Amino acid sequence: MKAYKFNNKPQVPFIAKLLFILVFLAGCSSTKYIEDYQSIVKKVKIDSLDETYQEQAFNYVQKDIRPSGGLGINVAIYNIFNTKDGKYKTSNIKPLGSPPPILDSALVEISRTQIEKFLKSKGFFMAKVKSEISVEDKKAKLRFVAQPGPAFFVNKITYQIPDTNLKAIYLNKKPTFTHLREGMQYDEDSLSYEREQIYQVMRQSGYYDFVRPYVRYSPDSNQNNSKVSVKLIIDNPIDSLAKNHKVYTIGESHMVIAPDSEGFPENLNLDSLKGEFKNFRGLTFMDMSGKFRRNPIVRYNFVREGETYDINKEKLTYDRLYELNVFKNVKIDYRKDPDSTNTLLPIITLIPQKRRSNRIEGELPFNSGTIGFNISNTYTDNNFLKGAERFQFQIKGGLQSRISKNTSIFSDIYQRDFAMSASLSVPRLILPFSIPRMGKNGMPSTTFSTSYLYALQKDIAVRRVFINSVTYDWVETKSKLHSLTPLNFEYRFGNVLIDPQNSDANQESLSNNIYNILLLGRKDFTLGVKYAYSLNADKLLANKSFIYFRGNIDMAGNLLQLANRALGNIHDAKNDDFGTVFGLPFNQYVRPEVDVRWYKSLGPDKQFIARINTGVGFAHGNSVTVPFEKLFFAGGSSGIRAWQARTLGPGNYNRAVLATPELRNSLFGLDQLGDIRFESNLEYRYMLSRNFFGGKLKGATFVDMGNIWNLSNDDLQNNAKFSLKELHKQIAIGTGFGLRYDVQFFVFRFDVGVKVKDPQFTGSEQWVIGKLLSGGRDFKRNYAITNAPDTYRFLQYNFGIGMPF
């Protein structure tokens, strides 16, 4: 929890200053560094091509003569590190940035030829391309003029497949994948796709020796009216005694685990080793490390004795054995059985990875008014019970302090947190019955977890939460994920540290009017169920067009309420008469939440995202309020980014209604929570630089809208209730821009959010963007008078790892 501190001095992050300098340098021409006879390519244009092919054709222009995209930052960086005495270095060149595109006539000719070949591959057999170069002041413009000619269309497809079995398989499967049809425009990409699909189909059908070069095409374009006939040929093996291709079946399998993570000894003799282990159900399991049980590992071997060879089952075995997260190397080889002409003997070799690890992490959250730290230690054992079970134990602690003049940094610690948790994840669903095909689409798991949370808010409340749960996770398809927690047990016991007899106005207001303070002091019991479903989570990092959906629901207390009524116990929660378990009132609520996003690809490096995230926590039956931890907040780096987390809403709530600065300080992060949340985000992402200090620099422009609300008013927050009539007055709007630095494994994110409309004000005063442009200083001064120690920020800086959504 944080408080604001008034500060007139503008705060510009270092990264923003660096970006400004780099953009300025990018405006400087690189022509002063090149020789007099050289020119830099500033523009490349391809004329007379349909838009369908223009962007693809541009990819055939050689990279060394393509103009720099984005802001030209790559070239600016290159110029800083690779120039000397007004010239480009010829030695000791630093691998930073990208060199400017210097005109090279040989590369122009290669580009022209490649564009011409590309057009012919798309069915324009008579295509011609010519190039034009114009130079002025050492700046070159390239123009490729295409004359594609008529497009040729396939009017006839014939087949030359001497192996009748192969031909029958192909013709049977063809309708499910083919791009090759009579009447289509000739396209070599479609032919290549067909070849790859034929290869996959044959390898799925037992043809272990089948390779891609067996498939070839013979096009004939010597016809009238721009027609072309295509003959598809699948050759028989040349170096085989058999005339036709051979179908293989799987024989006895061997699974061998290396002694340790260093791998196998050089003198390993599989035949002699085999004698030490037994064959069971067609598989000999040979664990040289002695650290693995058989069943949990062989469960995910899908290459099984007696079945026809199938490359898909081989890939599936690779995927699942790697997903066990206990092997750093998986390899599947085959030996042909010398006693049989069509039997394969699989040999699966596994090298275990390091079993145990310990990770220490820390962070330093701060702003102009507070500072703190969080530190955690996580111990992991990836093979806890010799069956690829993952055990984790974590201890985490932190504190937050207010910064005051002439005092030490941690002299005013207002919050302390401590958490301890343990979990055991088993790579299967532990159920009293079996589920067919489980594991075919993804690794299922059963997770047992327990945790304890302690949180102390100085002079306000202390909160303790003890949670135990069992969760099942499984994969319906690659894009459809399910998570079910049939048992979620939570025990809360808190204490309010405020003395209700204290006559101080602040104490009285805290104890009587703050809805969330009362929740913190409750002692209660929760027994519930959770379920979550997500669609297309596997596509989130891809620049594609798709719909992402995640929905979850958290329900509690229904079974306990049913049991209470069955026993004839009738209670009235509205009159503080609660049903109890072990002497504690039990919670009864439902809390659904939905996150829907539309990702639209606008080109190789551009994407638009529209998102709606909404949820509601509704108490019923044995409860009149949802637990404190189930309340929603708004703002933050993944929500409405112009507001700091927990500083927006609920509704039109303005913290000026709190009587004193001390009260606002004490309640920061506690009074701006709600039962309902609605957020909407629009974001446009684009590429700035492909090689920015070894990574990709991407930009984003966004608009965020939303707020939180309560389902009812209280004495303090009487304008926080959700109402459709007042909705237009209660929606917050923010905009801004951001940078994403992608270094393959991590994406470092920096966003600047700008407040446009702030619902804590009334009427036209809500449109605070006008104050930012004119009169901002007086506006902030007046706000500091009514809302001290909070200060008003028009801009909010957000740093994070990973994309916001």
Side-chain angles (χ1 to χ4, degrees), residues 39-70 72 74 98 100-136 139-155 179-196 217 219-230 542-545 600-608 684-690:
S39 302
I40 292 179
V41 179
K42 291 294 184 180
K43 187 176 182 180
V44 174
K45 187 176 182 182
I46 300 177
D47 281 344
S48 306
L49 270 186
D50 187 272
E51 290 184 4
T52 307
Y53 303 105
Q54 201 161 25
E55 188 172 328
Q56 296 179 66
F58 185 79
N59 292 330
Y60 290 91
V61 177
Q62 298 298 294
K63 290 184 179 180
D64 290 342
I65 58 172
R66 288 189 207 170
S68 300
N74 279 336
S98 301
I102 297 175
L103 178 64
D104 186 330
S105 58
L107 295 180
V108 174
E109 176 58 21
I110 292 173
S111 301
R112 184 200 67 78
T113 303
Q114 292 299 317
I115 294 173
E116 195 170 273
K117 288 181 178 179
F118 161 72
L119 292 174
K120 291 180 178 179
S121 75
K122 292 297 181 181
F124 299 99
F125 293 140
M126 302 172 67
K128 297 292 182 184
V129 178
K130 62 180 181 179
S131 58
E132 298 176 358
I133 303 173
S134 59
V135 179
E136 184 177 350
K139 298 176 183 178
K141 295 181 180 179
L142 304 183
R143 182 169 176 256
F144 295 96
V145 182
Q147 297 176 342
F152 280 67
F153 291 83
V154 176
N155 70 330
H179 289 181
L180 184 60
R181 296 182 177 90
E182 291 182 357
M184 64 171 279
Q185 184 174 328
Y186 181 87
D187 186 350
E188 288 185 4
D189 287 339
S190 294
L191 301 186
S192 297
Y193 177 82
E194 193 85 4
R195 176 187 291 112
E196 180 61 28
Y217 301 94
D220 180 9
S221 58
N222 294 322
Q223 304 180 56
N224 296 324
N225 301 322
S226 303
K227 303 296 183 183
V228 57
S229 64
V230 176
N543 185 6
K544 297 179 179 179
S545 298
K600 175 65 177 176
S601 176
L602 302 175
D605 300 314
K606 301 174 184 177
Q607 192 177 39
F608 173 78
Y684 172 61
R685 298 171 183 171
Y686 47 90
M687 182 69 70
L688 290 175
S689 174
R690 291 183 175 278

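Computed from a predicted model, the values in this text were never measured in an experiment.
Residues forming a ring pair (Phe, Tyr, Trp, His ring centres under 6.0 Å) with Y217 (at least two apart in sequence, or on another chain): none. Evaluation of the salt bridge (Lys or Arg N to Asp or Glu O under 4.0 Å) rule for E182 yields no partner, not counting sequence neighbours. With sequence neighbours excluded, no residue forms a salt bridge (Lys or Arg N to Asp or Glu O under 4.0 Å) with R195. For S134, the side chain to side chain contact (heavy atoms under 4.5 Å, CB included) partners at least two apart in sequence or on another chain are K141. Not a single salt bridge (Lys or Arg N to Asp or Glu O under 4.0 Å) links K43 to another residue, sequence neighbours left out. The side chain to side chain contact (heavy atoms under 4.5 Å, CB included) check on K130 picks up E132, V145, with sequence neighbours excluded. Applying the side chain to side chain contact (heavy atoms under 4.5 Å, CB included) rule to E188 yields the partners S121, Y186; only residues at least two apart in sequence or on another chain are considered. Applying the side chain to side chain contact (heavy atoms under 4.5 Å, CB included) criterion to S601, with sequence neighbours excluded, gives N543, S545. Not counting sequence neighbours, the partners of D605 by the salt bridge (Lys or Arg N to Asp or Glu O under 4.0 Å) test are R690. Legend: residues meeting ring pair (Phe, Tyr, Trp, His ring centres under 6.0 Å) with Y684, ordered by chain and number and at least two apart, are Y686.
In this structure, OG1 in T52 is found 9.5 Å from CD in Q185, a value given to the nearest 0.5 Å. Q62 contributes atom CD, which lies 12.5 Å from atom CZ of R112 (distance to the nearest 0.5 angstrom). Between the OG atom of S111 and the CD atom of E116 there is a distance of 12.5 Å, given to the nearest 0.5 Å. Atom CG of L119 sits about 10.0 Å away from atom CD of Q56, to the nearest 0.5 Å. Separation of atoms CG (L49) and CD (Q147) is listed at 11.0 Å; rounding is to 0.5 Å. Atoms NZ and CZ, on K227 and F153 in that order, are 7.5 Å from each other to the nearest 0.5 Å.
Pairs of residues two or more places apart, or lying in two chains, never qualify as salt bridge (charged side-chain N to carboxylate O under 4.0 Å, His left out) while including a residue from residues 51-66. Within the structure, ring-ring contact (aromatic ring centres under 6.0 Å, His included) pairs that include any residue of residues 40-59 comprise Y53-F124 (at least two apart or interchain).
Shown here for A140 and S39, the closest heavy-atom pair between the two residues is CB-CB, 4.1 Å. Minimum heavy-atom separation, I102 to I65: O-CG2, 3.7 Å. Residues H179 and M184 approach most closely at O-SD, 3.1 Å, considering heavy atoms.
F144 places a side-chain heavy atom less than 4.5 Å from the side chain of V44. With a 4.5 Å cut-off on side-chain heavy atoms, P150 and M126 count as touching. The shortest side-chain heavy-atom distance between N225 and N155 does not fall under the 4.5 Å cut-off. For the pair D104 and V41, the minimum side-chain heavy-atom distance is 4.5 Å or more. Proximity of K606 to M687: side-chain heavy atoms (C-beta onward) are nowhere separated by under 4.5 Å. In this structure the side chain of I46 never reaches within 4.5 angstrom of the side chain of V129, judged on heavy atoms.
No donor-acceptor pair closer than 3.5 Å links the side chain of Q114 to the backbone N or O of V61. The backbone N or O of K45 lies less than 3.5 Å from no partner atom in the side chain of R143, so there is not a single donor-acceptor pair. The main-chain N or O of V228 is never found under 3.5 Å from a side-chain atom of S221 such that the two would form a donor-acceptor pair.
Here E136 does not pair with K139 in a salt bridge; the nearest charged N to carboxylate O distance is not below 4.0 Å.
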